[in-house]
Amino acid sequence: MEFLQYVAHGMRASFPNPSDAFFLEPVFLHLFSASCHILLLIALSLLWFCRRSSGGSLNKDRIENDRFLYYTLTLSTSLILSLFYFFLCIYDLFWYGDDKGIFVKQLATQLDLGVRAITWLVISAYLHFSVLPSSRKRFPALLRIWWGIYLLMSCSSIALDYFYYSKLDIMESYMWVMDFGSFFSSLVLNYTGYFGKRVEDGSNHLQESLLNGGVSNPSGELSENDSGPGDVSLFTNASFLSILTFSWLSPLIAAGNKKTLDLKDVPQLDFRDSVDGVLPIFKSKLESCKESSCENNTGGNSEQTAHITSFNLAKALILSSWRLVFLTSTYALLYTVASYVGPYLIDYFVQYLNGDQTFANEGYVLVVAFIVAKIFECLNQRHWFFRLQQIGMRVRSFLVSIIYQKGLTLSSNARQGRTSGEIINIMSVDADRVAIFCWYLHDLWMVPVQVALALFILYARLGIASLAALAATFVVMFANVPLGKMQEKYQEKMMESKDIRMKSTSEILRNMRILKLQGWEMKFLEKIAELRKNETNWLKKYVYTSAMTTFVFWGAPTFVAVVTFGTCVLMGITLESGKVLSALATFRVLQEPIYSLPDTISMVVQTKVSLDRITTFLRLEDLQKNVVEKLPRGSSDVAIEVSNGTFSWDLSAESPTLRDLNFKILQGMRVAVCGTVGSGKSSLLACILGEVPKIAGTVKLCGSTAYVAQSPWIQSGKIQDNILFGKEMDLENYDNVLEACSLKKDLEILPFGDQTIIGERGINLSGGQKQRVQIARALYQEADIFLFDDPFSAVDAHTGSHLFKECLLGRLASKTVVYVTHQVEFLPSADLILVMKDGKITEIGKYNDIITTGRDLMELVGAHKEALSALDNMELAKDSSSDITEDDSANSKSSKQTLYEDKKDKMNSTVDEKEIQKGQLVQEEEREKGRVGFWVYWRYITTAYKGSLVPLILFAQILFQVLQIASNYWMAWAAPVSKDVEAPVTVLTLIFVYIALAIGSSICILIRAFLLATAGFKTATILFNRMHFSIFRAPMSFFDSTPSGRILNRASTDQSDVDTNIPYQVGAFAFTVIQLIGIIAVMSQVAWQVFIIFIPVIGLCFWYQRYYIDTARELARLVGLLKAPVIQHFSESLSGSTTIRSFGEESRFIDINSQRLDECNRPRFYNNSAMEWLCFRLDVLSSVVFAFCLIFLICLPKGVIDPGLAGLAVTYGLNLNMLQAWVIWTLCNLENKIIAVERILQYTNIPSEPPLVIETNRPDVNWPSKGDLDLRDLQVRYAPHMPFVLKGLTCSFPGGLKTGIVGRTGSGKSTLIQTLFRIIDPTVGEIVIDGINISTIGLHDLRSKLSIIPQDPTMFEGTVRSNLDPLEEYTDEQIWEALDCCQLGDEVRKKENKLDSIVTENGENWSVGQRQLVCLGRVILKRSKVLVLDEATASVDTATDNLIQKTLRQQFCDSTVITIAHRITSVLDSDMVLLLDNGLIVEHNTPLSLLENKTSMFAKLVAEYSMRSNSNFKKLDDL
């Protein structure tokens, strides 16, 4: 009863006028609302009870299999409403009054709010536990009806608030917040209730494919033709609203939140963003730009159209994406205008709070203006950034594609002038830099607009003193100019130093095997360290200059404010709090153009440099198009015709490479080309292919070509793909090719046959295997003309005979074949022989015609006869070799049938790709999954000085923030609200205190910037040193299984991030968090009630961040992973461009490049879009907080709060959305960028080789003195899970003797050599040299005492001297002596710079034979007691081979020499022969003893070689 009296009293107190309607009274409305919510609670309880009692089961599988549209949004809104009402209920407790009417009203309000909080919590639970798992197609009808009623109630409340209660002045401000919050929530719920529905399996095709990693057919298996989400682009068919809110990305982010994304889960690009979509447009624009430029400059001279300028290129790039450029300029303009609305309105807002109201409802109009401006700012900024990144991606695609295409058409002269590293840098670094410039695309015209708007606001508020602000702005800008120039200079120098370092690193990684064999790796690590030291000198200057730039950036607003306010004091302009706050907000916005203009100018200069570099590359000379006249297949009986041909690799050289060439090759002829080392044999084949620039003459070619290079070019990938080379699989033809190339046994040995993945440059194949894969590739193409460049040098005698018989005399019997060879025994089978010397064809004709008259051919044949002289008096069992051949033939046929059947089985069965991948030598790049571990951050921040600088940096930033807030707080408090109000302090006190606080904050920021630069620089240096030391100490197996692109990616891209990016990312996150705390502190000081909305909003922000980061993190990792394949493919294409062109496969390789570029762009595009998806939502949420704050401030009774402080809260609130989004953005960006540290840390923990030096067990300085070498039960395998390759070898190599090692491919020869140098250590047994077990001493003590000439000759970029003596240990006289010994002295003396003559990358300006002779020169200089020759003379002619053998006998007469050779004549000269087969010693004796035993395998090998040679040289005895 007492309660009813209270209610009546409350009603009378609320409505003094008795005529007011009863149902409009607040108490009644609160009770009515509470009753409605209670009725809903009862209805939901009954509904749930009925469903349970009826036995309706919940289908939990629906959660995983189906998707309920807008379910998450509905659930989130319900939970937010529950929290919203709960906080309002708690807040209402503090609004308690003594009056009983007020008490009743308070009680009714709290009852209403409490019931609402409980009801919406129950609705959330009902949605989660009952609606989602059920089979309902839509939300329950009860809830949809309730949401409609709820909307009506909310609209009614707002109408009553505005038109009724506000006039009676009985409306508290927080009730406005409640009613508006309810209204907006009801709009969302009604939208979701209308459009929300369950998406069935068929409709959820995309979501399912994203989650399952592919599109499944009804049986649940992945269809062969389906590529899953790769067929779908989320962006293409998105609606306007979806594009506006970035909702089109939600399925991908939802999928990434439920599983770890892989590339197959990332949707395709929109066609307009793919390479195929953008490149034709760009090419047409570029051509039109060139033509118009040419017409303007030369009056239509067509010769000029071939050239391209940086201006033409830039113009074409812009015109190709002009629609997006125009769209982004519109967004940028709208964003700029919207960002200045807030600072302009602050003064009006402060005056309104002070009671100066110019029109009715001015407060609400100001609030609406603030919010609309914020929404416009948010939308335009997000879409501006999104579209800029889209332009950048397209620009990158344009540039990388045309650079790649140019790389395939470069002339040899242009190619020699540029290393692969330089060209790859142009593709990766320069193209990236031009793409990054898209961020700065509109800055040049935006800066004047921003400054003009700022000046307008300042003039409106401060009058003529705004000119001082303008002057101060220009001063700061000009202060940035020298800093910008210094930064640009240091960055340029840093990039140049980095280019040199990366070139050396690339070369070292490519030749790491020879470095380890020679024991040079630590010396070359010192070289890298020295290059890095030069780079870090510039890096140090760069980061400290950046620190100064940071100081200017953060100090600029303070400096401009001090100058402006000081001018106002001097000029007597009154500093009112509203005007001061408006000016401060303007200075803060002006901070961006002040900072960005010098940065933009610097970026323009850098981009111009990159454009110049790209255009210079694009202007390089192409291959001459008219060198070869290509005739259609079958149009002529002549296959190849060269008339009066003169060719030169270097057109400026005095003497051409080839001259006076005249020959004609008919269809079906077999032509041999022979000559001494450096005579021009390879150049002759190159001129037929059109690779050598033509000076005079004609070249005609009829039909298609296939080419086998002297240095094998093998692509990374499966062996099968290398052989097919883009053609469809013809199983029978494929099988025949394998048989002809003797590849079947090799494929049986390899773990996965032809599905084995070949490492970079064919690293896991022997030289012979690589050569035979090349030959198989040529044979499979079924071309008309086949060009072979010394294809038999890398294979053993038996295999060489088989290849010649099966390939050249068998499968290619009807084809035109031109083959270069040093094996004289293959000459008689030719229909025509071309003998070359000094670039001329000195003899031409059939073998029988020129053998008696040709002097040059006689020299070659004479050398061969001399090599065979050791066999003259030996009778060999021809019948046994004949039996062997028959057995081999029979086995071959059986093997052929078996492999053919196995192949068919493989083709018809499903191969488990994952299982195959696990056992491959080259694995997919290791990628961390899930969250970046805290240990990565911890190790990063504690690497430098054990983290001691971190607390100092944080303290400096906190102090800076405190002083900044104090200075603004001081101005807001001390300045009068208006002219009528007396200021609490004098004007001088006001300005001096402000200046003191400003100086203090500036000093803090300077200290912070320098400490951060110091810590970042030190950390980068330590991580670089650790990673490189770990890489250089890694075992050879690491380099065999790791493509160099992965290592280079870490040493370049990731290291660059650690050098210049990550320190600022880590700092930015910490600093923005501190700033956000400062803003919240200021806003809560004015109105602590802002926490009611801020706490749930900030919680939702972090929920969004966690929801987003799973997807973003994996996309960022994928971007890092997919850069390497693009670079690797480009690198391989450059090195194999001749082969690609000879097969006519340019278009296919261009398509592969486009495909890989699109694969790299896919995660990049969706990662960029995901960031905008997140930022848009964070901006909206922060705008809600800002709106709440504004509404609260205008609803407060006048005089409750100081208008100046309220204005300060709004000033900071203007930055709230930006800063709140910035905190999350920097956190996400940091987690994405810290992946670079994670990847570097991966490579700081590579298992290392055994110690280089064991101090307690170092051998004597003169060890080995004799060279005795003992193998004791030697068993070796490459990995614990792999079979033994050497199976218990026990034998001795007496000191001072020469031992030849022979055996078929795969017999274990190379493994034995690797074990001797401890590239791999024995599993069982030991190798003893002069009484010392080599496993007990350090690697450098061992390798420095041994010498080796490897099968693949290696030369480093530099000079002749640096290649012979990398460690600078020998005098010039000793080097000349070594050159003379290896038959290169005269060749080097001919060169202008002698020992300082240039050696280009990989020694490309030297023939392969000459490179092998340089390797011989190295070991002659070293004169070790143990020398290993691994196919040391494979690429030289027989005469040169004989000279080399004589040299070795003279120079190493008392050394132990171990020779692996395919030429039997090279082994016959040995004191002992060791024959290996399948990892076992089959024979070990003197050559004579083995030859006397006619049943020995060595005797059969020699018999076969001798029979092959003598059968072709029946006339040799007559000479």
Side-chain angles (χ1 to χ4, degrees), residues 306 405-415 620-649 651 656-671 673 680-710 713 725-727 774-775 777-789 812 814-820 831-832 834 841 844 1133 1136-1151:
Q405 291 178 22
K406 180 69 179 182
L408 289 182
T409 62
L410 279 181
S411 70
S412 59
N413 197 28
R415 179 71 185 83
L620 288 177
E621 180 187 27
D622 280 339
L623 283 170
Q624 294 177 1
K625 294 182 180 178
N626 58 350
V627 173
V628 178
E629 182 185 342
K630 293 191 176 180
L631 305 174
R633 176 184 291 180
S635 61
S636 172
D637 292 335
V638 179
I640 304 169
E641 182 178 2
V642 180
S643 304
N644 302 317
T646 303
F647 303 85
S648 181
W649 290 110
L651 293 174
T657 309
L658 301 171
R659 59 188 185 277
D660 304 330
L661 297 185
N662 287 283
F663 62 89
K664 186 184 291 185
I665 300 172
L666 301 178
Q667 295 283 358
M669 283 184 73
R670 196 161 43 249
V671 179
V673 182
K681 305 182 293 298
S682 297
S683 296
L684 179 68
L685 294 189
C687 87
I688 293 172
L689 290 170
E691 296 290 322
V692 190
K694 182 175 69 176
I695 297 173
T698 60
V699 181
K700 292 182 180 178
L701 207 63
C702 181
S704 57
T705 56
Y707 171 66
V708 176
Q710 184 176 16
W713 178 71
F725 208 55
K727 290 197 75 175
Q774 271 209 129
I775 295 170
R777 176 171 61 206
L779 261 58
Y780 191 79
Q781 299 302 306
E782 298 292 345
D784 303 309
I785 301 168
F786 290 82
L787 305 175
F788 294 91
D789 193 353
L812 303 181
S814 60
K815 303 285 186 179
T816 305
V817 180
V818 181
Y819 61 98
V820 170
D831 300 318
L832 186 70
L834 306 179
I841 298 176
I844 183 169
S1133 301
S1137 56
T1138 302
T1139 301
I1140 294 167
R1141 288 192 291 265
S1142 68
F1143 283 89
E1145 290 289 323
E1146 296 99 318
S1147 60
R1148 183 172 69 86
F1149 273 77
I1150 289 169
D1151 288 342

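Side chains included, hydrogens not; waters and symmetry mates left out as well; all remaining heavy atoms used. One is the number of the first residue; the rest follow in order along the sequence.
- For the side-chain hydrogen bond (donor to acceptor under 3.5 Å, both in side chains) test, no residue two or more places apart in sequence or in another chain qualifies with Glu1146.
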Please output the side-chain donor-acceptor pairs of residues 657-665 that fall under 3.5 Å, not counting sequence neighbours, one pair per line with the distance.
{"from": "Thr657", "atom 1": "OG1", "to": "Trp649", "atom 2": "N", "distance (Å)": "3.0"}
{"from": "Arg659", "atom 1": "NH1", "to": "Asp838", "atom 2": "O", "distance (Å)": "3.0"}
{"from": "Asn662", "atom 1": "OD1", "to": "Asn644", "atom 2": "N", "distance (Å)": "2.6"}

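- Remark: Glu782 engages Arg811 in a side-chain hydrogen bond (donor to acceptor under 3.5 Å, both in side chains) (not counting sequence neighbours).
- Residues passing the side-chain hydrogen bond (donor to acceptor under 3.5 Å, both in side chains) test with Arg670: none are found, sequence neighbours excluded.
- Of the inter-residue distances, the one linking Leu787 atom CG with Ser682 atom OG reads 11.5 Å to the nearest 0.5 angstrom.
- Residues forming a salt bridge (charged side-chain N to carboxylate O under 4.0 Å, His left out) with Lys406 (at least two apart in sequence, or on another chain): Asp622.
- The side-chain hydrogen bond (donor to acceptor under 3.5 Å, both in side chains) test applied to Ser648 returns no partner, not counting sequence neighbours.
- With sequence neighbours excluded, the residues forming a salt bridge (charged side-chain N to carboxylate O under 4.0 Å, His left out) with Glu1145 are Arg1148, listed by chain and number.
- Within the structure, salt bridge (charged side-chain N to carboxylate O under 4.0 Å, His left out) contacts touching residues 684-693 (residues at least two apart or in different chains) are Glu691-Arg1141.
- Looking at Gln405, its side chain never comes within 3.5 Å of a backbone N or O of Ile1150 through a donor-acceptor pair.
- Within the 4.5 Å cutoff, the side chain of Cys687 has no heavy atoms near those of the Lys694 side chain.
- With contacts defined as side-chain heavy-atom distances shorter than 4.5 Å, the pair Tyr819/Val708 does not qualify.
- Taking Ser635 as the reference, Leu631, Pro632, Cys702 meet the side-chain contact (heavy atoms from CB on, under 4.5 Å) condition, with sequence neighbours excluded.
- Partners of Phe1143 by ring pair (Phe, Tyr, Trp, His ring centres under 6.0 Å), not counting sequence neighbours, listed by chain and number: Phe725.
- Side-chain contact check for Thr409 versus Leu623: every heavy-atom pair is 4.5 Å or farther apart.
- Applying the side-chain contact (heavy atoms from CB on, under 4.5 Å) criterion to Thr698, with sequence neighbours excluded, gives Ser643.
- Considering Val817, Thr816, Ile688 as possible partners of Ile785, the one that fulfils the side-chain contact (heavy atoms from CB on, under 4.5 Å) test is Thr816.
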